[in-house]
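Chain A is the first sequence line, chain B the second, and so forth, proteins listed ahead of strands; every chain is numbered from 1.
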2 protein chains.
Amino acid sequence: MSNTKVLPLLEADGQGVVPCCPPLTERPMTADEAETAARMFKALGDPVRLRLFSAVASHEGGEACVCDISDVGVSQPTVSHHLKKLKEAGLLTSERRGTWVYYRVEPSVLAAMGRLLVGAQAAA
Amino acid sequence: MSNTKVLPLLEADGQGVVPCCPPLTERPMTADEAETAARMFKALGDPVRLRLFSAVASHEGGEACVCDISDVGVSQPTVSHHLKKLKEAGLLTSERRGTWVYYRVEPSVLAAMGRLLVGAQAAA
DNA sequence: CCGCTGGTTCGACATATGTCAACATAGATG
DNA sequence: CATCTATGTTGACATATGTCGAACCAGCGG
C-alpha cells in the first residue's frame with residue numbers, strides 16, 4: 001500500500017485528476033477545501049521537506065533515489081520521515097527498485113497547486 | 001512598523017520585487033532558499049489561515065476588513081493571531097482606517113509562489 | 001470624560017512537529 | 001546462511017503551534 005493512497009489535493013476521476021479547489025482569489029474557501037489544500041502547503045512548509053521535494057522535482061526524469069537527495073543536513077531517519085510526510089501529502093510517490101527506493105513527483109499536483117495560487121493558467 | 005517589514009519571498013529592488021527562488025523543478029533549492037520559501041508555504045499550511053487568506057484575496061479590491069472575514073469558526077483573538085502570522089510571512093499587509101482594520105494581499109507574492117510551483121508562466 | 005465596539009496582545013495550556021539514536025527490514029553479495 | 005548496505009520504523013524529547021479567556025489599546029458616540 002504505497003502508491004494506492006488517494007492524493008489529497010486531487011481526486012481521481014477515472015483517467016485523470018481534477019483540482020480540489022478553486023483559485024484562492026476566486027472566492028473564500030470552504031472549511032473542507034481549506035483543510036485539504038492546507039495539508040499540501042503544510043507539507044512544503046518545512047525547509048528540509050522543501051529541499052527534498054525540490055531535489056526530486058528537479059532531478060532527471062522527475063525522480064530520484066533517496067541516496068541522491070539525502071544530503072540536506074539532517075540524519076537519515078529524519079530524511080526518511082520527511083519523505084514519508086511528502087508522500088502522505090500526495091506530493092510524492094515512491095517505488096523500490098532493487099536496492100534503492102525512488103521518489104517521484106506527481107506533476108499534476110504541482111500544476112494544481114499553481115492554479116490554486118495564480119488562477120487559471122496554462123498548466124498540466 | 002506595520003507594513004515596513006520586508007517580504008520574505010520577495011526582495012525589493014527599487015521599484016518592484018523579484019522572486020526569491022527559482023522554480024522548484026529547475027534545480028535543488030539551497031538551504032537559504034528553502035528556508036525563505038518554506039516560511040510562506042507554512043503560513044498557508046493551516047486551514048484557518050488559508051481560509052482567512054482566501055477570504056481577503058477574493059474580497060472586493062483584494063482587501064477586507066477583519067470584521068468581514070472573522071467567521072471561520074475560531075475565536076476573534078485567534079483570527080487576529082493568524083492574520084498576524086500571514087502578515088509576518090509577507091502575504092498580507094494591514095492598515096487601520098478609522099474603526100476598522102483592513103488586510104490586503106500582496107499580489108506579486110501570489111504570482112511568485114505560483115512561479116515557484118509551475119515554473120515560468122504568464123503571471124503578475 | 002465614559003463607555004462601547006473592533007482588534008490586538010498576553011499568559012496558559014494541550015497538542016503537533018522536527019530531530020535523533022537505536023532498532024528493524026529489504027535486497028544484494030559472498 | 002552471514003553479512004553488508006540502503007531505508008524505514010520506534011521511542012524519546014525539546015520546541016513550536018493553535019487555541020482560548022482575560023486584559024489591553026484605538027476610535028467613536030454620547
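- Atom CZ in R97(A) sits about 17 Å away from atom P in dA6(D), given to the nearest Å.
- When heavy atoms are screened at a 4.0 angstrom cut-off, R49(A) is found touching the sugar-phosphate backbone but no base atom.
- OP1 or OP2 of dG8(D) has at least one side-chain nitrogen or oxygen of S80(A) nearer than 4.0 Å.
- Between the side chain of R96(A) and the backbone N or O of G98(A) there is at least one donor-acceptor pair closer than 3.5 Å.
- Look at OH on Y102(A): it is 11 Å from C1' on dA6(D), rounded to the nearest Å.
- Rounded to whole Å, the distance from NZ on K84(B) to P on dG18(D) is 14 Å.
- What separates CG of L83(B) from C1' of dG18(D) is a distance of 14 Å, to the nearest Å.
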Query raised in the report: Are R97(B) and E63(B) close enough, and set up right, to give a salt bridge (charged side-chain N to carboxylate O under 4.0 Å, His left out), and what steps lead you there?
Result: CA-CA 12 Å; R97(B) 286 207 289 278; E63(B) 84 169 10; 2.4 Å; yes
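- The nearest whole Å value for the distance from the CD atom in Q76(B) to the C1' atom in dA22(D) is 13 Å.
- Residues R104(A) and L92(A) have side chains not in contact (no heavy-atom distance under 4.5 Å, counting atoms from C-beta outward).
- Residue Y103(A) has no polar side-chain atom (N or O) positioned under 4.0 Å from OP1 or OP2 of dA6(D).
- Heavy-atom contacts of chain B under 4.0 Å fall on DNA chain C between two terminal nucleotides, which in 5' to 3' order are dG6(C) to dT9(C).
- In terms of heavy atoms, P22(B) sits closest to E33(B) at CD-OE2, 3.6 Å.
- The nucleotide whose nearest atom lies closest to any side-chain atom of H82(B) is, among dG18(D), dT19(D), dG27(D), dT19(D).
- Here dT7(D) presents its P atom at 9 Å from CD1 of I69(A), a figure rounded to the nearest Å.
- Using a 4.0 Å heavy-atom distance criterion, T78(A) is classed as a base contact.
- When side chains are defined from C-beta on, V109(B) counts as touching M40(B), because their heavy atoms get closer than 4.5 Å.
- A distance-only check finds no donor-acceptor pair linking the side chain of S54(A) to the backbone of L50(A) [under 3.5 Å].
- The distance between atom CZ of R96(B) and atom C1' of dC25(D), rounded to the nearest whole Å, is 8 Å.
- Hydrophobic clustering places L44(B) together with V48(B) (ILVMFWY residues linked when any side-chain heavy atoms are closer than 4.5 Å, directly or through intermediates).
- Atoms NZ (K85(B)) and P (dT19(D)) sit 10 Å apart, rounded to a whole Å.
- Along DNA chain C, the nucleotide nearest T99(B) and the nucleotide nearest G45(A) are compared for position; the residue whose nucleotide lies closer to the 5' end is T99(B).
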